[in-house]
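One structure is given here, and the rest of the page talks about it.
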Amino acid sequence: MWRRCGTREGIVKTSSEPALRRYSLNGETMGTRYSAVFFAPAAIDLGAIGAALFAAVDRVDQQMSSWKPGSDLNRLNAAPLQQWQQVPAQLLSVLDAALRVGRASGGAFDIGVGALVNAWGFGATNPQPDAQQIRALGQRQHLAASELLDIDLANQRVRKQAALALDLSGIAKGYGVDALAHCLDGFGITRYLVGIDGEMRAKGSKPGGQAWAVAIEKPVRHRREVMGVMELTDAAIATSGDYRHWFEVAGQHYAHTMHPLRGRPLDEHSNRLASVTVVMPSCMLADAWATALLVMGAPAATQLAQQQGMTALLVLRNLSDAGEAFEQISIVDGVLQP
C-alpha cells in the first residue's frame, strides 16, 4: 500500500529545533501515486504515519472515484431523482466547493460533465469516443451541476433535480493532497511537501530555510520536460493542461478536459491555453481553479485571475509550420507580471 523509500539524507539541526531527518513515503491511489517528503525527529513512528497517509487518500478515493463502482459518488449518480441522499462529510465538502467554483467561473468548472467524459472515451465506461452518445448529448440543453444539485450542509445530504452524472476528476485529487497535509499536521509535522501526481502542497520550509521546489512541466506531448521551478512555502499548487491525457483525430488533438458549455473536449485550435498552474492555500481549490481557467481560455482566464487576486501561470501554445512554441502569462496576487 505504501512504502518507505530513501528515507534519510543525513541529520539536520538548527539552533532553534532538535535534529531532524528527511523521510519519504509514497504509494498508489486514484490511478497514480501519492508522495510525502517531510522532516521530523528520528523518534517518530514511521509505520503509523505511512498507514495514516494511505488511509487518508484511500478514503477520498473510495468516496469520490468515478472508476470504483461502489464509490459514494457513483451511488449518488445512480440515486433516484428528487430524493435526499446522505453522503460522507468529505464528499459533501468537495461537492459544495465544486459548485462554488462553478458559479464563480461562470460555468467553466462543472462537475456535471460525467456523461460527456464517458462519451468522449475518457471515463470508466467507454475506452474510446462513442459517436452515438456524443450526438445524443449534443442535442440536449446544457444545465450546470449548480442548477441541478441541491446541497444541505446542515443535514449532510444532497438531492438531484434531474439526471446528472457527476465527475470529480478536476477537484478530488487536490482534495486528496489536502488530506495528506492534514494527516501530517495531525502528527505534529511542520515541514513537508505532499502530492498526488502533479498537485502539491507544502508546509513550512526545509531546515535551513530553503523553500520547497516544485517543477513545472513544459506542456509538450510524448515526453516530460521541465519548463521551470516554483518555490512553495505554506501553499498548494495544481496544474491543468491538454498534454497528458488526449487523443488525436485527423491531426486534431482533443484533451481530456471538457468544455461544459460547448459539450466537447478542449482542442488546441479553439483554445491556445496549453496549461494553467494555480497557487492557493488549498490544493482542492487550486485544482478546481486550474481547470476552470484552462477551459475559459487565455483572455477570460487572465481577466478573472486578476479580479480574484490569484497567483497563476498561463502557458499558451503557438502553432506554426515550424512546430510549436510557448508563451507565458504570469499573475501574482492578481497583478499581471511584465
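In terms of modelled atom types and a separation under 3.5 Å, the side chain of Ser93 and the main chain of Ala89 share no donor-acceptor contact. Gln63 contributes a side-chain N or O that, together with a main-chain N or O of Leu91, makes up a donor-acceptor pair within less than 3.5 Å. Looking at Glu199, its side chain never comes within 3.5 Å of a backbone N or O of Ile196 through a donor-acceptor pair. The closest donor-acceptor contact from the side chain of Gln82 to the backbone of Arg159 lies at 3.5 Å or more, if one exists at all. Gln86 places a side-chain N or O within 3.5 Å of a backbone atom of Asn155 that can act as its donor or acceptor partner.
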Dump the intermediate steps for side chain to side chain contact (heavy atoms under 4.5 Å, CB included) on Arg191 and Lys203, then the final yes or no. CA-CA 5 Å; Arg191 299 177 182 272; Lys203 184 170 184 178; over 6 Å; no
Let me see the working for Tyr175 and Asp287 under side chain to side chain donor-acceptor pair (under 3.5 Å), right down to the final yes or no. CA-CA 8 Å; Tyr175 184 83; Asp287 195 9; over 6 Å; no
As a quick check of understanding, evaluate side chain to side chain contact (heavy atoms under 4.5 Å, CB included) for Leu294 and Val276, giving each step before the final call. CA-CA 6 Å; Leu294 182 70; Val276 175; 4.1 Å; yes
Apply the test side chain to side chain contact (heavy atoms under 4.5 Å, CB included) to residues Asp45 and Phe187: give CA-CA distance (whole Å), side-chain angles for both, the deciding distance (0.1 Å), then the verdict. CA-CA 9 Å; Asp45 187 342; Phe187 283 93; 5.9 Å; no
Given side chain to side chain contact (heavy atoms under 4.5 Å, CB included), test Leu73 with Asn77 step by step and report yes or no. CA-CA 6 Å; Leu73 177 67; Asn77 282 336; 4.1 Å; yes
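Inter-residue side-chain proximity for Leu81 and Leu164 is flagged as unmet; no heavy-atom pair is nearer than 4.5 Å. The shortest side-chain heavy-atom distance between Asn318 and Glu327 falls under the 4.5 Å cut-off. With contacts defined as side-chain heavy-atom distances shorter than 4.5 Å, the pair Glu217/Thr239 does not qualify. Proximity of Ile171 to Val101: side-chain heavy atoms (C-beta onward) are nowhere separated by under 4.5 Å. Annotation: side chain of Val194 is not in contact with side chain of Tyr34 (no heavy-atom distance under 4.5 Å). Taking the side chain as every heavy atom from C-beta outward, Arg264 and Met258 never approach each other to under 4.5 Å. Residues Arg33 and Glu28 meet the side-chain proximity criterion, which asks for heavy atoms closer than 4.5 Å. Looking only at side-chain heavy atoms (C-beta outward), Met310 and Ile331 stay at 4.5 Å or farther from each other.
Using a 30° and 60° split on the angle between ring planes, Phe38 and Tyr23 fall in the parallel class, below 30°.
Val335 and Val278 fall into different hydrophobic clusters, where Ile, Leu, Val, Met, Phe, Trp and Tyr side chains are chained together by heavy-atom contacts under 4.5 Å. Side-chain heavy atoms closer than 4.5 Å link hydrophobic residues (I, L, V, M, F, W, Y) into clusters, and following such links, even through other members, never connects Val332 to Val315. Criterion: ILVMFWY side-chain heavy atoms under 4.5 Å apart, direct or through other members. Under it, Leu168 and Trp67 are not part of a common hydrophobic cluster. With hydrophobic clusters built from ILVMFWY side chains whose heavy atoms lie under 4.5 angstrom apart, Leu261 does not share a cluster with Val113. Residues Ile111 and Leu153 fall within the same hydrophobic cluster, defined by Ile, Leu, Val, Met, Phe, Trp and Tyr side chains chained together at heavy-atom separations under 4.5 Å.
Between Lys68 and Asp61 there is a salt bridge, with a side-chain nitrogen of the basic residue lying less than 4.0 Å from a carboxylate oxygen of the acidic one.
When all heavy atoms are compared, the tightest approach of Ala292 to Ala108 is O-CB, 3.6 Å. In terms of heavy-atom proximity, Pro80 sits nearest to Gln85 at CD-NE2, 3.9 Å. The two residues Ala238 and Ala290 come nearest to each other via the heavy atoms O-CB, 3.8 Å. Val295 and Asn271 get closest at one heavy-atom pair: O-ND2, 3.6 Å. The nearest pair of heavy atoms linking Trp289 to Met280 is CD1-CE, 3.5 Å. Heavy atoms only, all atoms of each residue included: Leu193 and Ala202 are closest at CD1-CB, 3.8 Å.
Screening Leu273, Leu313, Leu314 for a side-chain contact (heavy atoms from CB on, under 4.5 Å) involving Ile329 leaves a single residue, Leu314.
Rounded to the nearest 0.5 angstrom, Leu99 CG and Ile151 CD1 are separated by 4.5 Å. The OG1 atom of Thr311 sits 8.5 Å away from atom CD of Gln337, with the distance rounded to the nearest 0.5 Å. The OG1 atom of Thr291 sits 12.0 Å away from the CG atom of Asp110 when rounded to the nearest 0.5 Å. Taking CD of Gln90 as the start and CD of Gln62 as the end, the distance is 11.5 Å to the nearest 0.5 Å. To the nearest 0.5 Å, atoms NZ (Lys160) and CG (Leu166) are separated by 7.0 Å. The CG atom of Asn74 sits 9.5 Å away from atom CG of Asp72, with the distance rounded to the nearest 0.5 Å.
Side-chain contact check for Ser65 and Ser71: no donor-acceptor pair (N or O, by modelled atom type) lies under 3.5 Å.
No more than 12 heavy-atom neighbours from other residues, nucleotides or ligands sit within 6.0 angstrom of CD on Gln132.
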